[in-house]
Amino acid sequence: MPLSLLSVTPEVYPLVKTGGLADVAGALPAALAAEDVAVTTFVPGYPAVLGAIGDAAVVHAYDALMGGPATLRRATVAGLDLLVLDAPHLFARDGNPYLGPDGRDWPDNPLRFGAFARAAADVASGLLPDLLPDVVQLHDWQAALTAVYLHYDPPTRRPGVVMTIHNLAFQGIFPAYLLGALGLPAEAFALDALEYYGSIGFLKGGLIFADRITTVSPTYATEITTPEGGMGLGGLLAGRGQVLSGILNGIDTDVWDPAADPRIAARYSAADLGGRAADKSTLQRAFALPEAPEAFVIGSVGRMTEQKGMDLLLALLPELGEVQIVLLGSGDAGMEAAFVAAAAASPDRVACRIGYDEALSHQIQAGSDAFLMPSRFEPCGLTQMYALRYGAVPIVARVGGLADTVIDASPYALAQGVATGFQFAPGSVPAMRAAIRRAAELYRDDEAAWAQLQQNGMATDCSWNSAAKQYAALFRSIRA
Ligand code: ADP
Ligand code: GLC
C-alpha cells in the first residue's frame with residue numbers, strides 16, 4: 001500500500017511562489033511517488049490557486065471557519081494532487097500570500113493560517129473518507145498549528161506528524177489574546193506549548209507537538225540547535241535533538257537543465273561547454289556590459305535581504321574593479337536603491353535588474369562564470385545548486401546548505417580533482433574578498449582547472465532522489 005502523505009504548505013510551484021519552499025513543495029510529490037508515497041498537497045485558495053483549479057469538486061463545506069464560510073476542494077493541476085481551502089474572507093486577495101499592498105503583513109495572518117491549520121487537522125483526523133493520510137508534513141509556521149490542534153483535540157485516528165523548517169527566521173509570533181479566536185484552550189499559553197516571551201509562537205507549537213522535525217540541510221539542522229543559529233528556539237531544538245534531522249533539498253533537474261533549457265541562448269553540456277560563450281555574451285549584452293569574453297562575470301539571483309548578505313556585496317563593490325557583476329533580485333528597498341545607484345555609477349562593471357524574472361534567472365546561470373551567495377544563514381539554498389548544474393562556479397558563505405552542497409577549491413581538493421566551488425567565512429567582507437580573488441585568479445590563470453570545477457559541479461547529483469528516499473523512510477517510521 002502506498003503511504004498517504006498530506007503535505008500542508010502555504011506555497012507550491014508553479015501555482016504560488018515567494019521562495020524556495022514553493023519549489024520544494026512542488027517537486028517533492030513526483031520524487032516521492034517513485035518511493036511509493038502518494039502526496040496530496042494542501043494549499044490555501046489564493047486567487048492564483050483558484051484560477052488554476054477552475055470548478056474543482058467541493059468535498060467539504062464549513063458553515064463558519066474563523067469568520068466566514070469555507071469549502072475544501074480537490075483537483076489535479078500540473079501533476080499535483082491538490083486539496084484547496086477556499087475561504088474567500090481569508091484568501092481572496094490579490095498579490096503576495098502574506099503581505100498587503102502596503103508591503104506589511106496582512107493583519108489577520110494568524111487567523112488566515114490558523115484556519116488553514118485547523119482544516120488540515122480536520123483532514124488529518126479523517127474528515128474526508130477518501131483521504132486518510134498516514135502522515136502529515138507541515139511546512140513552516142503557516143502550517144505548524146496543525147500539530148497543536150491535533151494535540152488539544154486528539155482524534156481517534158492520528159497520523160504521524162512531521163514539522164519541516166525551511167527558515168527559522170519566520171516563526172509566526174502573534175499576541176496571546178488570539179488563542180480564543182483560534183479555538184485553542186487557555187492552557188496552550190504555557191512554556192511547554194505555544195507561549196513565547198509573552199506572545200504565542202505558531203512554529204514553536206509545531207516543533208513541540210510534532211513526532212519528527214526535519215530541516216532542509218544537515219548543517220542547518222546542527223546550526224539551529226545553537227544559541228546563535230537557533231533564533232530563540234535553539235534550546236527547544238537542542239532538547240528535541242533525538243527527533244531532529246536534516247534532509248538536503250534537491251532541485252528540479254528537468255526545469256534546470258542547460259542541455260534542454262528553452263530560456264537560454266545556447267544549450268550546452270558538461271562534455272561540451274562550448275555554448276556557454278554565446279550565453280555569456282548574450283547576458284553581457286542584455287545587461288549592457290562590455291561584451292568582453294575574458295571578463296570574469298559573477299552573477300547573483302535572490303531576495304535582497306539581510307539573510308542573503310547582499311549588503312556585504314554592496315560594501316565590497318568598490319573594490320571589485322576587474323570583475324563584472326550581474327544582479328537580479330528584489331527585497332529591502334534600501335538595498336535595491338543602493339544596487340541601482342552602484343550600477344549607475346559603474347555601468348561598465350555593475351549591472352542590476354530589480355524584480356522577479358524566471359527566464360532571466362536561467363540566463364544568469366547560463367552566462368555567468370561564477371555565482372555568488374554571501375548568505376549570513378541559509379537553511380539550504382537552491383540557486384547554488386542551479387549554478388552547479390549550469391557550470392557557473394558557486395562562491396558561497398560556509399553556512400547551512402551552502403556548506404553541504406559546495407566543495408571548496410582548496411589546494412588539496414583541486415589536486416584530488418573534486419572541488420566544485422569556493423567557500424568563505426559567513427558575514428565577513430575580507431573573507432568574501434579573498435574567495436572572489438581566489439576564484440578570479442584561477443579563472444584567469446588555469447583554464448583546465450576552471451573547466452574541471454565546472455564539470456565537477458555539473459556532475460554533482462542535485463536531484464531529489466536521495467532526499468525522497470530519506471523522507472519516505474522517515475514517513476514509514478511514523479505512519480499511522
Ligand atoms: P529563499 O527561499 O531563501 O529565497 P532559495 O535559494 O531556496 O532561497 O530559493 C529561491 C528561489 O526563488 C529560487 O527558485 C530562485 O531562483 C528564485 N528567485 C528568487 N529571487 C528571484 C528573482 N528575483 N527572479 C527570479 N527568481 C528568483
Ligand atoms: C527557505 C530557505 C532556503 C531554502 C528554502 C527551501 O526559503 O531560506 O535556504 O532553500 O526555504 O527549503
- Item | Qualifying side chain to side chain donor-acceptor pair (under 3.5 Å) pairs with a residue from residues 24-45, counting only residues at least two apart or across chains |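 Pairs touching residues 24-45 that pass the test: E35-K469.
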- Message: Which residue in the set V58, L85, V49 passes side-chain contact (heavy atoms from CB on, under 4.5 Å) when paired with R73?
- Response: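 Single side-chain contact (heavy atoms from CB on, under 4.5 Å) partner of R73 among V58, L85, V49: V58.
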- Query: Hey, which of L65, L131, L127 is the one that makes side-chain contact (heavy atoms from CB on, under 4.5 Å) with L72?
  - Reply: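 When L65, L131, L127 are each tested with L72, the side-chain contact (heavy atoms from CB on, under 4.5 Å) holds only for L127.
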- Pair D332-K308, salt bridge (charged side-chain N to carboxylate O under 4.0 Å, His left out): steps then yes or no: CA-CA 11 Å; D332 181 275; K308 300 290 174 183; over 6 Å; no
- Are side-chain N/O atoms of S466 and Q470 paired as donor and acceptor at under 3.5 Å?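 A pair is found: one side chain offers a donor N or O, the other an acceptor, under 3.5 Å apart.
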- Query: For residues E358 and Y356, is any side-chain donor paired with an opposing acceptor at under 3.5 Å?
  - Reply: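 E358 vs Y356: donor-acceptor pair found between side chains.
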4.5 Å side-chain heavy-atom contact, [X] and [Y]:
{"X": "N456", "Y": "I407", "result": "no"}
{"X": "S375", "Y": "L402", "result": "yes"}
{"X": "W106", "Y": "F113", "result": "no"}
{"X": "P155", "Y": "L150", "result": "yes"}
{"X": "L248", "Y": "S217", "result": "yes"}

Per-pair distances, 0.1 Å, donor-acceptor, side chain in residues 116-126, under 3.5 Å, sequence neighbours excluded:
from : atom 1 : to   : atom 2 : distance (Å)
R118 : NE     : D122 : OD1    : 3.2
R118 : NH1    : D153 : OD2    : 2.8
R118 : NH2    : D122 : OD1    : 2.8
D122 : OD2    : Y62  : OH     : 2.6
S125 : OG     : A121 : O      : 2.6

- Query: What is the minimum heavy-atom distance between F475 and V37, and which atoms define it?
  - Reply: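 In this case the closest contact between F475 and V37 is CD1-CG1, 4.4 Å.
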Solution key, residues 162-186 side-chain donor-acceptor pairs under 3.5 Å, sequence neighbours excluded:
from : atom 1 : to   : atom 2 : distance (Å)
T164 : OG1    : Q137 : NE2    : 2.9
T164 : OG1    : T214 : OG1    : 2.8
H166 : NE2    : H139 : ND1    : 2.9
N167 : OD1    : A169 : N      : 3.0
N167 : ND2    : Q307 : OE1    : 3.1
Q171 : NE2    : L168 : O      : 3.1
Q171 : NE2    : M231 : O      : 2.9

- Any residue meeting side chain to side chain donor-acceptor pair (under 3.5 Å) with R476, in chain and number order, not counting sequence neighbours: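 Scan of R476 (side chain to side chain donor-acceptor pair (under 3.5 Å), adjacent residues dropped) gives none.
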- Can you sort out the partners of T18 under side chain to side chain donor-acceptor pair (under 3.5 Å), two or more places apart, ordered by chain and number?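 In terms of side chain to side chain donor-acceptor pair (under 3.5 Å), with neighbours along the sequence ignored, T18 is linked to E11.
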Any donor-acceptor N/O pair, [X] side chain to [Y] backbone, under 3.5 Å:
{"X": "E336", "Y": "G355", "result": "no"}
{"X": "T226", "Y": "T222", "result": "no"}
{"X": "D408", "Y": "Q423", "result": "yes"}
{"X": "K204", "Y": "E195", "result": "yes"}

Ignoring hydrogens and angles, write down the donor-acceptor pairs under 3.5 Å from the side chains of residues 387-395, residues two or more places apart or on other chains.
from : atom 1 : to   : atom 2 : distance (Å)
R389 : NE     : W256 : O      : 2.4
R389 : NH2    : T253 : O      : 3.0
Y390 : OH     : D257 : N      : 3.1
Y390 : OH     : D261 : OD2    : 2.6

